[in-house]
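Below: one structure, written as structure tokens.
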Amino acid sequence: MNAWYGSGRWTLLLLPLTALFKWLARRRCQKTIRSQRWQPPVPVVVVGNLSVGGTGKTPVVAALVRFFQKKGYRPGIASRGFGADAQSLPLLVTADTNPAIAGDEPVMLAQQLQVPVMVDPDRVSAARALIERSGCNLIITDDGLQHYRLHRHVEIVVIDGQRMLGNGLCLPAGPLREPPERLQTVDQVLVNGAPSGDLPVDFDCFYLETAGLVPVACTDCSPPQGGKVHAVAGIGNPERFFRTLESLGFSVIPHGFPDHHGFVPEDIAFDDDLPVLMTAKDAVKCRGFAGNNVWYLPVQAHIPEAVLNKMVQLVETNAPDSLSKIG
């Protein structure tokens, strides 16, 4: 993966496979749009990305939910539930749902926002269930930009400011699920952090703001204020989390895991008494066995209010006249 974001020219050997990937993706998209697209009776906002790996989509989803609530909407979240093992789909997720069944991000969002979260790899099925079972009048999808069966009224692409679009190539020669030209068709591009390069379209920046450390299991513990810590991260871009902790004054011993890793007690057990710090997404999977020295770092997406107001205007402009804001 690092070759996609560096000078690994050997990835050019994969260009024939990239051409095949693009052809198959374009054919699937065109076929879906022509014959299988479902038009929901409420507005749909898709938050997604072009590249594989973490970009900050989920904090953006949370920020949008909070802002649309202030504007009088009743939002619900549709999620694939990556890593979920639900026997019955679609699955309505609550704060108490087992993340092994629903996936880590849906449970985290349910805990943070107290709004309906529906898990189903089929986003159309998730959207239908949200409307029928939860009374939502706005659906926000966490990922799903390439899930074209679900008609959407607003498309938002989130890009990591440091990685940007990497070498600009599609899989497997590069990190992109769709070519950079796709950005010209979406409604909003958000860059997470200061951009390290240029993009072929206009964009706005947002930043992840951290709050104080929160104990994963302990109810009366004082958080570490600095010094050496074990940093555990099973997210799409663990290095970003490690750098954040270092910026807060911690000396990090990094422990990176694959995105959506299913943690077990041994993963956070070390031969010392140092604090163990993790992300909120990982914390939901460790509550049952975390010790008193395990903490998570909450983050929120700080999106300029002018940009958030633009999102509301896009929904009200792009959604059909028959779709009521507070109906």
Side-chain angles (χ1 to χ4, degrees), residues 29 32-49 57-81 84 86 88-95 97 102-103 105-158 185-188 190 301 303 305 307-327:
C29 171
T32 299
I33 290 176
R34 283 197 306 266
S35 62
Q36 302 176 23
R37 210 169 205 197
W38 180 64
Q39 167 71 65
V42 303
V44 172
V45 178
V46 168
V47 181
N49 59 8
K57 296 187 307 297
T58 301
V60 168
V61 168
L64 290 175
V65 166
R66 293 185 177 103
F67 194 76
F68 273 101
Q69 283 179 317
K70 292 179 182 178
K71 296 297 182 179
Y73 287 85
R74 300 188 302 275
I77 300 172
S79 174
R80 174 189 176 187
S88 178
L89 294 172
L91 174 67
L92 180 63
V93 180
T94 70
T97 302
E105 288 171 346
V107 175
M108 181 187 71
L109 288 169
Q111 291 177 353
Q112 292 178 352
L113 302 171
Q114 292 83 51
V115 299
V117 179
M118 197 71 65
V119 161
D120 197 322
D122 183 343
R123 302 310 196 287
V124 170
S125 173
R128 287 182 187 275
L130 279 171
I131 296 166
E132 295 170 0
R133 295 161 56 181
S134 304
C136 299
N137 60 8
L138 172 71
I139 293 172
I140 300 176
T141 73
D142 186 6
D143 208 354
L145 186 68
Q146 291 79 31
H147 197 89
Y148 287 105
R149 283 189 57 231
L150 177 62
H151 180 85
R152 66 287 309 268
H153 303 94
V154 178
E155 290 184 323
I156 302 169
V157 168
V158 183
T185 69
V186 305
D187 300 283
Q188 176 70 53
L190 291 175
I303 304 174
E305 187 163 354
V307 177
L308 291 170
N309 281 318
K310 178 183 175 183
M311 307 293 184
V312 176
Q313 293 171 1
L314 284 169
V315 165
E316 296 176 353
T317 300
N318 294 352
D321 293 339
S322 61
L323 304 184
S324 172
K325 180 175 78 170
I326 317 179

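Heads up: numbering here begins at 1 and tracks the sequence.
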- Heavy-atom check, side chain of Val124 versus side chain of Leu150, under 4.5 Å: yes
- Compare every heavy atom of His147 with every heavy atom of Pro121, then report the nearest pair and how far apart it is. O-CE1, 3.3 Å
- Message: Quick check: closest heavy atoms across Thr58 and Asp142, and the distance to 0.1 Å?
- Response: OG1-OD2, 3.0 Å
- Is Ser134 close to Leu92 at the side-chain level, that is, under 4.5 Å between some pair of heavy atoms? yes
- How long is the span from the CG atom in Asn49 to the CD1 atom in Ile156, to the nearest 0.5 Å? 12.5 Å
- Message: Quick check: do His151 and Val44 have side-chain heavy atoms less than 4.5 Å from each other?
- Response: no
- Message: To the closest 0.5 Å, what do you measure between CD (Glu132) and CG (Leu130)?
- Response: 10.0 Å
- Task: Output yes when Asp122 and Arg149 qualify as a salt bridge under the 4.0 Å nitrogen-oxygen rule, no when they do not.
- Result: yes
- For Pro41 and Ile131 the tightest heavy-atom approach is CD-CD1, 3.6 Å
- Message: If you compare all heavy atoms of Pro90 against all heavy atoms of Ala126, which two are closest, and at what distance to 0.1 Å?
- Response: CB-CA, 4.5 Å
- Are Thr141 and Arg152 side-chain neighbours, meaning at least one heavy-atom pair lies under 4.5 Å? no
- Task: Working to the nearest 0.5 Å, report the span between CD of Glu305 and CE of Met311.
- Result: 12.5 Å
- Minimum heavy-atom separation for Pro116 to Cys136, with atom names? CG-SG, 4.0 Å
- Item | Inter-residue atom distance Gln188.CD - Leu308.CG, 0.5 Å rounding | 9.5 Å
- Gln146 CD to Arg123 CZ distance, which is reported to the nearest 0.5 Å: 9.5 Å
- How about Ile303 and Phe67: do any of their side-chain heavy atoms sit closer than 4.5 Å? no
- Could you tell me whether the side chain of Pro106 reaches within less than 4.5 Å of the side chain of Ile77, counting heavy atoms only? no
- Would you kindly say whether Glu316 and His153 are connected by a side-chain donor-acceptor distance under 3.5 Å? no
- Quick one: does Arg80's side chain get under 4.5 Å of Asp143's, heavy atoms only? no
- Query: To the nearest 0.5 Å, how far apart are CG in Leu113 and CE in Met108?
  - Reply: 8.5 Å
- State, yes or no, whether a side-chain contact exists between Arg133 and Met118 at a heavy-atom distance under 4.5 Å. yes
